[in-house]
Amino acid sequence: MRHVIALDVGGTGMKAALVGADGALLHRARRATGRERGPDAVVAGILDFAAELRAHGTERFGEGAAAAGVAVPGIVDETHGVAAYSANLGWRDVPLRALLAERLGAPVALGHDVRTGGLAEGRLGAGRGADRFLFVALGTGIAGAIGIDGRVEAGAHGFAGEIGHIVVRPGGPPCPCGQRGCLERFASAAAVSEAWARASGTPDADAADCAKAVTSGDPNAVRIWQEAVDALADGLVTGLTLLDPRTLVIGGGLAEAGETLFTPLRDAVRRRVTFQKLPEIVPAALGDTAGCLGAGLLAWDLLDTTDGKEDTP
């Protein structure tokens with residue numbers, strides 16, 4: 001059975017799958033990144049994991065994977081196949097595509113984790129059927145993916161979709177990116193967790209705890225939540241003004257609050273639009289499988305391109 005390797009590399013763990021031509025997940029596996037051992041160990045772990053997946057596919061299906069797709073965090077040069085920088089993994093300028101291709105003996109596509117998850121949501125998930133969509137992931141930080149006719153735009157330098165670094169509160173708290181008042185300093189799951197832990201006096205409290213307190217009517221929780229929603233709405237309206245998406249897909253940890261987030265968020269965005277067309281605002285549908293599914297799509301797209309070139313006289 002023809003299949004590809006899909007690998008989604010996170011800050012602490014890796015999710016992987018063997019993916020069939022119809023998008024079916026034929027085999028799934030997980031492994032820690034081992035980042036505590038340093039960036040070289042992380043790269044070695046990725047290569048070993050991919051080789052094991054190839055061996056499993058050969059044993060089970062009688063042939064190795066036709067290609068591999070890999071999604072990684074941080075700054076990614078997709079054109080040259082280089083993992084340029086990741087604060088969480090500690091690497092710089094890793095030629096990951098070439099290393100994996102040599103290890104696997106198969107073509108490899110490298111993508112940015114959020115853009116790859118957005119690709120899956122656009123083709124297979126909540127954005128399916130939309131010719132233009134914006135996917136926004138509300139996690140430790142905030143990042144986005146700009147979907148156009150079934151593909152995701154990386155930008156001229158690989159930075160497209162970094163909506164978390166739109167300044168929504170000029171002069172606000174400093175952001176690690178060097179600016180002040182960035183969206184992710186107010187509306188990420190990490191920002192809400194930090195604010196609620198401080199307000200509740202519970203150091204281990206997180207955004208999910210804040211959402212629960214909102215539903216019970218806790219005034220401090222309601223205030224913190226509304227501040228996050230208002231900041232998010234400001235950032236999203238900037239995004240939809242620039243991009244005019246048909247569908248706005250919201251994922252990540254904060255989106256797991258469901259209508260506790262989506263009801264006030266839709267209202268806040270609606271109040272802010274003037275001439276803009278209000279997009280449909282929907283929760284992501286694929287959960288933590290989005291990265292693997294997207295990596296699989298990258299691999300199949302690569303094969304389609306390669307096969308097409310080979311068929312050209």
Side-chain angles (χ1 to χ4, degrees), residues 1-35 37-84 86 89-113 115-117 119-120 152 154 158 289-311:
M1 179 182 293
R2 202 173 193 218
H3 62 279
V4 298
I5 293 169
L7 188 56
D8 178 19
V9 180
T12 59
M14 297 183 281
K15 296 185 287 288
L18 299 180
V19 185
D22 59 355
L25 299 178
L26 306 173
H27 169 72
R28 298 174 70 176
R30 292 177 181 252
R31 176 175 293 183
T33 60
R35 65 176 182 173
R37 299 193 302 275
D40 290 343
V42 172
V43 174
I46 292 170
L47 296 177
D48 289 345
F49 196 18
E52 289 177 17
L53 290 161
R54 178 174 174 80
H56 180 86
T58 301
E59 180 181 351
R60 182 173 173 184
F61 302 116
E63 61 180 341
V70 185
V72 297
I75 299 171
V76 183
D77 182 345
E78 297 174 5
T79 301
H80 297 98
V82 174
S86 171
L89 297 177
W91 63 29
R92 285 183 181 272
D93 298 324
V94 178
L96 196 55
R97 183 175 68 192
L99 292 171
L100 279 164
E102 181 180 2
R103 184 68 174 271
L104 297 174
V108 176
L110 183 69
H112 179 273
D113 57 351
R115 288 197 293 269
T116 300
L119 177 66
V152 168
T289 66
C292 267
L293 289 168
L297 290 172
L298 290 179
W300 284 113
D301 285 355
L302 180 61
L303 285 174
D304 288 344
T305 301
T306 303
D307 292 345
K309 288 180 179 178
E310 290 175 351
D311 293 341

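- Among residue pairs with one or both ends in residues 5-23, those qualifying as salt bridge (Lys or Arg N to Asp or Glu O under 4.0 Å) are Asp8-Lys15; sequence neighbours excluded.
- Note that CG of Leu96 and CG of Leu7 are 8.5 Å apart. Values are rounded to the nearest 0.5 Å.
- Evaluation of the ring pair (Phe, Tyr, Trp, His ring centres under 6.0 Å) rule for His3 yields Phe61 as partners, not counting sequence neighbours.
- In terms of heavy-atom proximity, Leu104 sits nearest to Ala68 at CD1-CB, 3.8 Å.
- For the atom pair NE2 (His112) and CD1 (Ile75), the distance works out to 8.5 Å, reported to the nearest 0.5 Å.
- When all heavy atoms of Gly294 and Ala120 are compared, the pair lying nearest together is N-CB, 3.6 Å.
- Residues meeting the side-chain contact (heavy atoms from CB on, under 4.5 Å) test with Leu99, sequence neighbours left out: Val43, Leu47, Val94, Pro95.
- Evaluation of the side-chain hydrogen bond (donor to acceptor under 3.5 Å, both in side chains) test over residues 63-83, restricted to residues two or more places apart or in two chains, returns Asp77-His80, Glu78-Arg115.
- In this view, Asp93 satisfies the side-chain hydrogen bond (donor to acceptor under 3.5 Å, both in side chains) rule with no residue, not counting sequence neighbours.
- With sequence neighbours excluded, no residue forms a salt bridge (charged side-chain N to carboxylate O under 4.0 Å, His left out) with Arg92.
- For the residue pair Ile5 and Ala50, the shortest heavy atom distance occurs at CD1-O, 3.7 Å.
- Taking the side-chain contact (heavy atoms from CB on, under 4.5 Å) definition, one finds that Ser86 meets it with Pro73, Asn88, Leu89, Trp91, sequence neighbours left out.
- The side-chain hydrogen bond (donor to acceptor under 3.5 Å, both in side chains) search around Arg103 returns Asp48, not counting sequence neighbours.
- Val4 and Gly296 get closest at one heavy-atom pair: CG2-O, 4.0 Å.
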Please walk me through it: do Leu53 and His27 pass side-chain contact (heavy atoms from CB on, under 4.5 Å)? CA-CA 9 Å; Leu53 290 161; His27 169 72; 4.0 Å; yes

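- Legend: residues meeting side-chain hydrogen bond (donor to acceptor under 3.5 Å, both in side chains) with Arg37, ordered by chain and number and at least two apart, are absent.
- Pairing each heavy atom of Gly69 with each of Ala299, the nearest pair is N-CB, 3.5 Å.
- The side-chain contact (heavy atoms from CB on, under 4.5 Å) test applied to Ala17 returns Val19, Leu25, Arg28, Cys292, not counting sequence neighbours.
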Applying side-chain contact (heavy atoms from CB on, under 4.5 Å) to Asp301 and Leu303, what does each step give before you reach the verdict? CA-CA 5 Å; Asp301 285 355; Leu303 285 174; over 6 Å; no

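- For Trp300 (side chain) and Ala67 (main-chain N/O), no donor-acceptor pair under 3.5 Å exists by modelled atom type.
- Taking each heavy atom of Ala65 and Ala106 in turn, the nearest pair found is O-CB, 3.9 Å.
- Every residue meeting the side-chain contact (heavy atoms from CB on, under 4.5 Å) condition with Leu298, not counting sequence neighbours, appears here in chain and number order: Ala109, Thr116, Leu119.
- Annotation: side chain of Met14 is in contact with side chain of Ile46 (closest heavy-atom distance under 4.5 Å).
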